[in-house]
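Before any comments, here is the structure.
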Amino acid sequence: MEEHKSTVRSVERALDILLCFTNATELGLSEIASRISLHKSTVYRLLAALEAKGFVIRDPHTEKYRLGFSVWELSANLAQSDDPAAIVLTEMERLRDIVGETISLYVRDGNERIRIQAVESKQAIRRVAPIGARMPLAVGASSKVLVAYSDPATQEQILSDLAWPEYVDRDGFRQQLAQIRQMGYATSVEEREIGAAAVAAPIFDRTGRITASLAISGPSNRLTLEKMTEFSTPLLEVARRMGKMVK
């Protein structure tokens, strides 16, 4: 039993190491050890095992690690499956070409949202959207959409468990949820990042359950409230079509 627990713990720690690369391209041994709160000797052994299987690569010059080819091989298989993020990519590209801004697809994971797909704007000044980024559900257009269209029990659980930033008005957030359901979409201006704005709509599966949030984001001086209202029409239409494509 103890050996089994030790094996599971090692697997969890190895996965924690891989997750360190969701918001970093390269990391050193000390950086990884600090991020997951483990001794460097333990992290070094785990990295050696991951390197042997091709999940990380160590640069001999910088002694930093980056994701290896095994990760990309798994991603390639995912893209060829019925993964919703791959299926709807064409629709996201079409929407990007209509509005000229960055398009992102988010799903909820507990009290966070994860960007699972993105198509960046072709404009020189644009919203950069790294895939795999995690964000809190307390701020942002996509967060509000994912909460607003959750079933009542789930919604209350989310609202009760959220870690609220000091600058967020909880009562105001709750009031916005009803307005979002009435309009069919949500907007945000500099809620999470200075200079950024977004408009988001829900994607429902064939049973009417929300599965994801589709968002248009860009610089707030270009993506004004007037523009977001204008863009809501193609956004809602694309979200509706995408919902029909998701099993």
Quiz item: Side-chain contact, heavy-atom cut-off 4.5 Å: Ile36 with Cys20?
Solution: yes

Exercise. Could you go through the side chain to side chain contact (heavy atoms under 4.5 Å, CB included) check for Ile158 and Leu146 one step at a time?
Key: CA-CA 10 Å; Ile158 292 170; Leu146 290 170; over 6 Å; no

Quiz prompt | Sequence-distant partners of Ser30, side chain to side chain contact (heavy atoms under 4.5 Å, CB included), two or more places apart | solution = Lys40

Self-check item: Side chain to side chain, Tyr185 and Val199, heavy atoms closer than 4.5 Å
Solution: yes

Quiz item: Is Lys144 paired with Glu191 through a side-chain N to carboxylate O contact shorter than 4.0 Å?
Solution: yes

Quiz prompt | Pair Glu112 + Arg134: basic N to acidic O under 4.0 Å | solution = yes

Practice problem: Would you mind reporting whether Ile17 and Arg13 have side-chain heavy atoms less than 4.5 Å apart? | Solution: no

Quiz item: Do Glu31 and Arg35 meet the salt-bridge criterion of a basic N to acidic O distance under 4.0 Å?
Solution: no

Quiz item: How would you list, by chain and number, every residue that makes a ring pair (Phe, Tyr, Trp, His ring centres under 6.0 Å) with Phe21, sequence neighbours excluded?
Solution: none

Practice problem: In sequence, state the C-alpha distance, the side-chain angles, and the governing distance for Glu101 and Lys227, and then conclude on salt bridge (Lys or Arg N to Asp or Glu O under 4.0 Å). | Solution: CA-CA 11 Å; Glu101 301 292 354; Lys227 273 294 182 183; over 6 Å; no

Exercise. Check whether any side-chain heavy atom of Met228 lies under 4.5 Å from a side-chain heavy atom of Ile216, and answer yes or no.
Key: no

Exercise. Among Ser213, Ser188, Ser217, find the residue that satisfies the side chain to side chain donor-acceptor pair (under 3.5 Å) test when tested with Ser142.
Key: Ser213

Exercise. Indicate if Leu15 and Ile131 have the same hydrophobic cluster label, given that clusters are the connected sets of ILVMFWY residues with side-chain heavy-atom separations under 4.5 angstrom.
Key: no

Quiz prompt | Any side-chain heavy-atom pair of Thr102 and Val119 under 4.5 Å | solution = no

Quiz item: Does NZ or CZ of Arg113 lie under 6.0 Å from the centre of the six-membered ring of Tyr106, at an angle within 45° of the ring axis?
Solution: yes

Quiz item: If you look at every heavy atom in Arg96 and Glu120, which pair is closest and at what distance?
Solution: NH1-O, 2.9 Å

